[in-house]
Number of protein chains: 2
Amino acid sequence: MTDICDIIAANVRHFRGMKGISQEELAHLTDLDRTYISGIERGVRNPTIRVLEKIAIALDVDICRLISGG
Amino acid sequence: MTDICDIIAANVRHFRGMKGISQEELAHLTDLDRTYISGIERGVRNPTIRVLEKIAIALDVDICRLISGG
DNA sequence: CTGTGACTGCAAGTCCGTC
DNA sequence: TGACGGACTTGCAGTCACA
């Protein structure tokens, strides 16, 4: 059973790659710290739903996409 | 623009009603405090993804259902 | 059975820098 | 460009008494 943070990590990394932007740029877009974005993409952070919402908006995807595997 | 916590609040309340269980019972199922569940259903809490996952599992719905309106 | 304010502990989230 | 560490501040996690 995979931890949900790891799923989010993979998804954020994936969709950020699709957008072709750096962690730093995503950090700027979401108004979050670059090290925090890094932490999320490594699965070591357990973000709140509001943070996830910010990221989803910045990445231009539905929040569900960030959460669900596949 | 509705706050995402309010959306989650409404959804948790809705799906808990569908299950026909009390906040207290949901609290027990999720291993969370009764007053904490209450706080979420009032939209005053900004839960982390792990908390949301617990609730979704206990409610037997996909996490996406808890997040999305409609 | 639920709403609410207040509280403590620790994680969320920031900012510095290095490799 | 991103991983990672340390120290820091803010806010959530989790609990209680009481209405």
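Numbered from 1 within each chain, the chains take letters A, B, ... in sequence-line order.
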### Task
Please name the residue in the list B:Arg13, B:His28, B:Glu41 that meets the side chain to side chain donor-acceptor pair (under 3.5 Å) test with B:Gln23.
B:Glu41
### Query
Within a strict 4.5 Å, meaning less than it, do heavy atoms of the B:Arg45 and B:Cys5 side chains meet?
no
### Query
Considering heavy-atom distances to DNA chain C, does B:Glu25 or A:Asp33 have its closest nucleotide positioned more toward the 5' end?
B:Glu25
### Message
With a 4.0 Å cutoff (strictly under), does any side-chain N or O of B:Arg13 reach OP1 or OP2 of C:dC1?
### Response
no
### Message
Here's a test of your reading of the structure: between B:Leu32 and A:Ser38, which maps to the more 5' nucleotide of DNA chain D?
### Response
A:Ser38
### Message
Between the base of C:dG13 and the side chain of A:Arg50, is one N or O donor paired with an acceptor at under 3.5 angstrom?
### Response
no
### Query
With sugar-phosphate meaning primed atoms plus P, OP1 and OP2, does A:Thr48 contact a base, only sugar-phosphate, or nothing at under 4.0 Å between heavy atoms?
sugar-phosphate
### Query
Closer than 4.0 Å, any side-chain N/O of A:Asn46 to the OP1 or OP2 of C:dA12?
yes
### Message
Please report the distance, rounded to the nearest Å, between CD1 in B:Ile37 and C1' in D:dA13.
### Response
12 Å
### Task
Ignoring backbone atoms, test whether B:Arg42 places a side-chain nitrogen or oxygen under 4.0 Å from the OP1 or OP2 oxygen of C:dT4.
yes
### Message
When you compare the side chain of A:Val51 with that of A:Leu32, does any pair of heavy atoms fall below 4.5 Å?
### Response
yes
### Query
To the nearest 0.5 Å, what is the distance between CD1 (A:Ile4) and OG (A:Ser68)?
9.0 Å
### Task
Would you kindly give the CD-to-P distance between B:Glu53 and D:dC12, to the nearest whole Å?
20 Å
### Task
Provide the Watson-Crick or G-U wobble partner of D:dT1, both distances under 3.5 Å; none if there is no partner.
none
#### Entry: Heavy-atom pair of closest approach, residues A:Thr35 and A:Arg42
O-NH2, 4.5 Å
### Query
For B:Leu52 and D:dG14, what is the distance between atoms CG and P respectively, to the nearest whole Å?
13 Å
### Message
Counting distance alone, no hydrogens or angles: does the base of C:dA11 have a donor or acceptor under 3.5 Å from a partner atom on the side chain of A:Arg45?
### Response
no
### Task
Go through the N and O atoms of the side chain of B:Arg34 and the base of C:dG3, and report whether any donor-acceptor pair is under 3.5 Å.
yes
### Message
Nearest whole Å is fine: how far is C:dC1 P from B:Leu26 CG?
### Response
13 Å
### Query
Would you say C:dT14 has OP1 or OP2 under 4.0 Å from some side-chain N or O of A:Tyr36?
no
### Query
Is B:Asp31 touching bases, backbone alone, or none of the nucleic acid, heavy atoms closer than 4.0 Å?
nothing
### Query
Are OP1 or OP2 of D:dG2 and a side-chain N or O of A:Arg16 less than 4.0 angstrom apart?
yes
### Message
Using heavy-atom distances to pick each residue's nearest nucleotide on DNA chain D, tell me which of B:Val51 and B:Thr35 is more 5'.
### Response
B:Val51
